There are 2 protein chains.
Amino acid sequence: MNKTAMKCRPLRADAVRNREKILAAAATVFARRGLDATLDEVALEAGVGVGTVYRRFPDKDTLIGALFENAVDEIATLALSAYEAENSWDGLVWFLEEALQRQCANRGLRDIVVGTPYARERMESVKCRIAPAIALLIERAQRDGYLRGDVVGADFAVLEMMISSLSCMTDKVSPDLWRRYLTIVLDGLVVKRDKPTVLAQDLDESMADETLRMKTQHFLRVP
Amino acid sequence: MNKTAMKCRPLRADAVRNREKILAAAATVFARRGLDATLDEVALEAGVGVGTVYRRFPDKDTLIGALFENAVDEIATLALSAYEAENSWDGLVWFLEEALQRQCANRGLRDIVVGTPYARERMESVKCRIAPAIALLIERAQRDGYLRGDVVGADFAVLEMMISSLSCMTDKVSPDLWRRYLTIVLDGLVVKRDKPTVLAQDLDESMADETLRMKTQHFLRVP
DNA sequence: GACAAGTGGAGTTACCTTCTCCGTTTATCC
DNA sequence: GGATAAACGGAGAAGGTAACTCCACTTGTC
């Protein structure tokens, strides 16, 4: 009697296309400008009217939810994957780098993780899943003698916020600058070291002394 | 003929009192809430009407200027004083701690240093004075073998922004938490060390493991 | 006690964001 | 190819915030 189309007929073909355009545009706009971005901006980017956006997604919150459901989960998963690494320090570094990379490249994601108005409860559940995973990473790295003994799980969350909010200030000018300060922080966390701290994507060239001097000074507009 | 009262007669006594009240209130309000605070809030704190605030200071910008002229200079001066320290590393640490303490305790000052809308040009001149002073500090600390060789002046400005923006997130819950992350950063910057990095005001007790765990977790609202 | 100086705070202006409404366009089905 | 309901666009309503003004009233001063 009732097919799978319980809720009346399916979307018209053009409506489906527009829905995709809206999601893609929203991803772009929120990544670039954070959750403050207007749905008018999303509509513009998508090349549709605001009305169309609001017909597909009843409000801004729903759209944000649809977009970031996965991205946030993904970060929680990273912490678990990091535990697979043979070397516990490498696992920790890898986790921080991966998590930060996502947050620094996506201001909307950062807003959620840091807890801007729109987010809050959205993070609660993730925190609960992520916290134990990080605790494991820390415990192992401390047992292996890599990580300072006085570090606790919440420190990592704080350090992540710290670096991603830094990146918010610098990313217009130099989107990779945060990596430099992550290495400095890591050097402050490590006890013994087999080899110097090097990020997977540490671009020796672009992080070279002279380039950095230019980038940072450009950022600060120091003459 | 014309006395010193070139610009007509002096302020009435009650007006002078109110001017002082306004300045004091503005200092309190901007320190607590940053430069976003309304002049209505300032008026409320001062116990006067908004109209009174606007008669004394033609616009918000002028009031901010009157308040922060000195505070910003002071930070520039700190860098010079730090050069007086016998030990070059201690000088650097002292400078960072003092500068950050001011920024973290005063959100308005931070807004100016970090470059929120209202500030911008206000900082330009200070940067020019502060940059050479920091360069001297760095050069000496590197010559003495304390400071990593790849660090440049702008790094300090970036690290300062990084930590003070962290403190913006945490200061409601735990106004001293930033100190912990400053020590971590310092440990990431140091090469050799005569003694462990300890801040002048490092409160052993309040920064103890258990207290930190509570503070940080409370900040993050992790169950 | 006259009166300019000073005051308070409701109100004006300007702007911004979220979301709605409706006249017009377009896909779909016969 | 024409009828029809779905979808569209975007002006603008609704609701908010912040900077600043204006004027009837109060107060210090000479």
Side-chain angles (χ1 to χ4, degrees), chain A residues 3 5-26 29-30 32-67 107-108 111 116-120, chain B residues 3-26 29-30 32-68 107-108 111 116-120:
Chain A
K3 295 283 176 72
M6 183 75 202
K7 33 162 46 186
C8 61
R9 77 181 61 175
L11 283 182
R12 232 167 65 176
D14 56 340
V16 173
R17 273 198 308 278
N18 276 341
R19 190 173 188 282
E20 295 311 310
K21 281 201 286 186
I22 290 166
L23 278 171
V29 169
F30 286 132
R32 190 168 55 214
R33 298 237 304 110
L35 301 184
D36 282 348
T38 314
L39 289 207
D40 288 49
E41 288 176 74
V42 172
L44 189 74
E45 174 83 22
V48 303
V50 225
T52 306
V53 176
Y54 277 97
R55 190 158 332 89
R56 230 29 82 208
F57 302 92
D59 59 20
K60 192 173 169 180
D61 223 52
T62 311
L63 176 55
I64 290 173
L67 267 177
R107 203 169 280 208
D111 285 349
T116 321
Y118 275 103
R120 282 292 139 89
Chain B
K3 293 284 175 71
T4 47
M6 182 75 201
K7 33 163 44 190
C8 59
R9 75 182 63 178
L11 283 181
R12 232 167 65 178
D14 56 340
V16 173
R17 272 198 309 277
N18 277 340
R19 190 174 187 282
E20 295 310 310
K21 281 200 286 185
I22 291 167
L23 278 171
V29 169
F30 286 131
R32 189 167 59 215
R33 299 237 305 111
L35 301 185
D36 281 349
T38 313
L39 289 207
D40 287 48
E41 289 176 74
V42 172
L44 188 75
E45 175 82 22
V48 303
V50 225
T52 306
V53 176
Y54 278 97
R55 191 162 330 89
R56 229 30 81 210
F57 302 92
D59 58 22
K60 193 174 168 180
D61 222 52
T62 310
L63 176 55
I64 291 174
L67 267 176
F68 289 98
R107 202 168 280 208
D111 285 349
T116 320
Y118 275 104
R120 281 292 138 89

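None of these values were measured; they are calculated from a predicted model.
- In this structure A:F57 satisfies the side chain to side chain contact (heavy atoms under 4.5 Å, CB included) test together with A:R19, A:I22, A:L23, A:L63, A:A66, sequence neighbours excluded.
- Between B:E41 atom CD and D:dC20 atom C1' there is a gap of 16 Å when expressed in whole angstrom units.
- Between the C1' atom of C:dG6 and the CZ atom of B:F57 lies a distance of 15 Å, rounded to the nearest Å.
- Within residues 16-25 of chain B, no residue approaches DNA chain D, by heavy-atom distance under 4.0 Å.
- The side chain of B:T38 lies closest to D:dA18, out of C:dT17, D:dA18, C:dC19.
- In this structure, B:Y54 and B:R12 both approach DNA chain D, and ranking their closest nucleotides by distance from the 5' end singles out B:Y54.
- Taking A:A37 as the reference, A:V29, A:F30, A:R33, A:E41 meet the side chain to side chain contact (heavy atoms under 4.5 Å, CB included) condition, with sequence neighbours excluded.
- B:D40 has its CG atom 10 Å from the P atom of C:dA10, to the nearest Å.
- With sequence neighbours excluded, no residue forms a salt bridge (charged side-chain N to carboxylate O under 4.0 Å, His left out) with B:R17.
- Residue-level contact check: B:D59 touches the backbone only, with heavy atoms under 4.0 Å from sugar-phosphate atoms and none from bases.
- Residue A:R55 has no polar side-chain atom (N or O) positioned under 4.0 Å from OP1 or OP2 of D:dG9.
- In the set C:dA27, C:dG6, D:dA19, the nucleotide with an atom closest to the side chain of B:R56 is C:dG6.
- Rounded to whole Å, atom P of C:dA10 lies 12 Å from atom CG of B:L44.
- Using a 4.0 Å cut-off, no side-chain N or O of A:T52 falls inside it from OP1 or OP2 of D:dA7.
- Judged as a salt bridge (charged side-chain N to carboxylate O under 4.0 Å, His left out), the pairs with a partner in residues 44-58 of chain B (not counting sequence neighbours) are, in order, B:R32-B:E45.
- Rounded to an integer number of Å, the gap from CG of A:L39 to P of C:dC19 is 7 Å.
- Checking C:dT18, C:dG6, D:dA19 against the side-chain heavy atoms of A:K60 singles out C:dT18 as nearest.
- Shown here are the side-chain hydrogen bond (donor to acceptor under 3.5 Å, both in side chains) partners of B:R12, two or more places apart in sequence or in another chain: B:D14.
- Looking only at distances, no side-chain donor or acceptor of A:K21 sits under 3.5 Å from a matching main-chain atom of A:A43.
- Between A:D36 atom CG and D:dT17 atom P the separation is 15 Å, expressed in whole Å.
- Distance, A:L11 CG to C:dT26 P: 19 Å, rounded to whole Å.
- Between B:V42 and B:A25, the closest heavy-atom pair is O-CB, 3.6 Å.
- Rounded to whole Å, atom P of D:dA19 lies 11 Å from atom CG of B:L35.
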